[in-house]
Amino acid sequence: MRILIVEDATDMAEAIAIRLGKAGMACDMAESCEAAEDFLAVQRYDALVLDINLPDRTGTELLADLRARGVRTPVLMLTALFSVDDRVSALNLGADDYLVKPFDYRELEARLRALVRREAEQKTDTLTLGPLKFQPSTMTADIADTPLDLTRREAALLGLLLRNSGKTLNKERLYDGLFAFENADVGLNAIELYIGRLRKKLAGSGVSIETQRRLGYRICLDE
């Protein structure tokens, strides 16, 4: 996994690079938007860590340019700004996540992994289990060609279960897949709620979500 860190505070950029490097991520560092563009011209990245306040332009301006050119690389905005308006503005421009300074490096690492995982999942071909088909690119599903009416989180949960068909996933793993980049103020028990909703929508389809006592959940065909 290769990450581009666009941050003009050298000490912070180096600290991030060291932390992510220990986690197995190769990092390049750019101190300005111009330097970032040079890196992006010759190297493909799995994700960008992008500060908003940079010496030549703002990170949001760089983000807007990248999205206008069709660059879909996941971007995590990193900034001292903290207002809701600032966060909403960045997300509307195409940011995938937003982390406010100061932050815990463990959280940064976890959020980056979630972003990269989501991007990879969205590129996956159709997932099939019996009569159930799921399209990651559009986050839609159907049973025997009849569309399922799913919310975004229900679709994300279904996709996560299908990619691990036959495996039992605990609540923590499911929570990370649904909420890691959303700053949702919810607890692990929310997983039970979404599992229950998804079960109702799959009822009678021949596909079930089983509860493995004290272990988690798995999706499977009815016997």
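- Closest non-hydrogen pair, S165 versus L129, comes out as OG-CD1, 3.9 Å.
- Between P55 and D8, the shortest heavy-atom distance links the atoms CD-CB, 3.7 Å.
- Remark: F103 engages Y105 in a ring pair (Phe, Tyr, Trp, His ring centres under 6.0 Å) (not counting sequence neighbours).
- To the nearest 0.5 angstrom, R199 atom CZ is 9.5 Å from E192 atom CD.
- Rounded to the nearest 0.5 angstrom, I219 CD1 and L160 CG are separated by 10.5 Å.
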- Message: Under the criterion side chain to side chain contact (heavy atoms under 4.5 Å, CB included), I'd like the reasoning laid out for I16 against L78: C-alpha separation, chi angles, the key distance, then a yes or no.
- Response: CA-CA 11 Å; I16 293 172; L78 196 63; 3.7 Å; yes

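- A salt bridge does not link R57 with E34: every distance from a Lys NZ or Arg NE/NH1/NH2 to an Asp or Glu carboxylate oxygen is 4.0 Å or more.
- The pair R67-E61 fails the salt-bridge criterion, with no side-chain N (NZ, NE, NH1 or NH2) lying under 4.0 Å from an Asp/Glu carboxylate O.
- Between L158 and L132, the closest side-chain pair of non-hydrogen atoms falls below 4.5 Å.
- Dense packing is recorded around NZ of K201, with more than 12 heavy atoms of other residues, nucleotides or ligands lying under 6.0 Å away.
- Considering CE of M77 and CG of L99, their distance stands at 11.5 Å, rounded to 0.5 Å.
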- Message: Working note: L174 + L161, criterion side chain to side chain contact (heavy atoms under 4.5 Å, CB included); need CA distance, chi angles, decisive distance, verdict.
- Response: CA-CA 8 Å; L174 295 173; L161 290 167; 4.1 Å; yes

- Query: Passes side chain to side chain contact (heavy atoms under 4.5 Å, CB included), R2 versus Q43? Steps please.
  - Reply: CA-CA 9 Å; R2 181 171 290 275; Q43 177 66 53; 3.4 Å; yes

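- When atom types are taken as modelled, the side chain of D56 and the backbone of C33 share a donor-acceptor pair closer than 3.5 angstrom.
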- Query: Does the side chain to side chain contact (heavy atoms under 4.5 Å, CB included) test come out yes or no for K101 and D51, once each step is laid out?
  - Reply: CA-CA 10 Å; K101 302 174 184 177; D51 188 25; 3.4 Å; yes

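- Around CG of D149, the count of heavy atoms belonging to other residues, nucleotides or ligands within 6.0 Å does not exceed 12.
- In summary, the side chains of N170 and Y217 do not present any donor paired with an acceptor at a separation below 3.5 Å, with no hydrogens or angles considered.
- For the pair D97 and R111, the salt-bridge criterion is met [side-chain N within less than 4.0 Å of a carboxylate O].
- We find the SG-CD1 distance between C27 and I3 to be 6.0 Å, quoted to the nearest 0.5 Å.
- For the atom pair R106 CZ and R19 CZ, the distance stands at 7.0 Å (nearest 0.5 Å).
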- Task: Apply salt bridge (Lys or Arg N to Asp or Glu O under 4.0 Å) to R72 and D46, showing your working.
- Result: CA-CA 10 Å; R72 307 315 307 167; D46 295 292; over 6 Å; no

